[in-house]
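Taking it in order: structure first as structure tokens, then the write-up.
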Amino acid sequence: AEDEVTLFERDMKEFWIQFKISYGTEQNNQTSALRDLCKETIEALSEKWSKKLKEEDLMIDKIQEYNNEILHQSKYVAEKEEQLTEIISMLNEEEEQQKNLTDSIQKLKEEVMKKMEIKSSKNKAAKEKVEQVSKIKTLFKENLGLEMRRIQDEQLQFIFRHINHKDPDKPYMCTLFINEQGDYEVTSCTPPLDCIAELQVKLRETNNFSAFVANIRKAFTALSYK
């Protein structure tokens, strides 16, 4: 019985030794496999996340690039808006200047037209006066011994004869012209007449040229008897 117990104990020891050896080997194998799996998993995850991080870094760089481009475009747009504002302001100023210029041109045109109308009216009046003088020229010459001549600067000279009974051919002269205002203006009188200014005023008031010439002749006739 003692031998059986000893044998049993020995067998149990050997069993535990073999079990430990077997369990230890299997555990070591499992640990090694688990370690390799963990290593592979960690390496795979590391590679995956490393790739993700690189992609995220690229994305961040791209986003930063986009932000820089947006900032650049915003600055460019702001500059263009400022330039556009300046251009619009210049256009508004030019439009105002153009309007002022147009108004000035229109006003000048109106002034020129008004002056042309006045000048035309004066020319017409002057022409009528010249025609009036021409019509009575022959009559005066034939009946009053009066000769009329056009001299320099558009002046009209009247030469009276048959004034002095002692010297019928002696000339008495009066020169006048039509000024810019369209009025008659006496420039010379030979011999001088004291009443010439008064006769000129009366001519301008009445526009009666025939009466003016007749009064000049009367004045020269009265002067010849002095």
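Any value given below was found using the heavy atoms of this structure, including those in side chains, with hydrogens, waters and symmetry copies removed.
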Identify each donor-acceptor pair in which a side-chain atom of residues 88-101 lies under 3.5 Å from a protein atom, sequence neighbours left out, and give them as a table.
residue : atom : partner : partner atom : Å
N92     : ND2  : I88     : O            : 3.2
K99     : NZ   : D103    : OD2          : 3.3
N100    : ND2  : E96     : O            : 3.3

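For the pair E154/R150, a side-chain contact is recorded, criterion being any heavy-atom separation below 4.5 Å from C-beta on. F158 has its side chain out of reach of M173: every pair of non-hydrogen atoms, C-beta onward, lies at least 4.5 Å apart. Residues D183 and I178 form no side-chain contact, since every pair of their non-hydrogen atoms from C-beta on lies 4.5 Å or further apart. Taking 4.5 Å as the limit, every side-chain heavy atom of I159 sits out of range of all side-chain heavy atoms of L146.
Counting non-hydrogen atoms of other residues, nucleotides and ligands closer than 6.0 Å to CD of Q181 gives a total above 12.
Note on L223: it clusters hydrophobically with F160, by side-chain heavy-atom contacts below 4.5 Å among ILVMFWY residues.
The minimum heavy-atom distance linking L203 with N208 is given by the pair CD1-O, 3.6 Å. Minimum interatomic distance between S224 and Y172 (heavy atoms only, all atoms of both residues): CB-OH, 3.6 Å.
In terms of modelled atom types and a separation under 3.5 Å, the side chain of R161 and the main chain of D169 share a donor-acceptor contact. For Q155 (side chain) and L176 (main-chain N/O), no donor-acceptor pair under 3.5 Å exists by modelled atom type. Side chain of T187 to main chain of T175: a donor-acceptor pair is present (N/O by atom type, distance under 3.5 Å, no hydrogens or angles). In terms of modelled atom types and a separation under 3.5 Å, the side chain of N164 and the main chain of P168 share no donor-acceptor contact.
Note: Y184 and F212 fail the aromatic proximity criterion, with ring centroids not under 6.0 Å apart.
In this structure, E198 does not pair ionically with K202, as no charged nitrogen and carboxylate oxygen lie closer than 4.0 Å.
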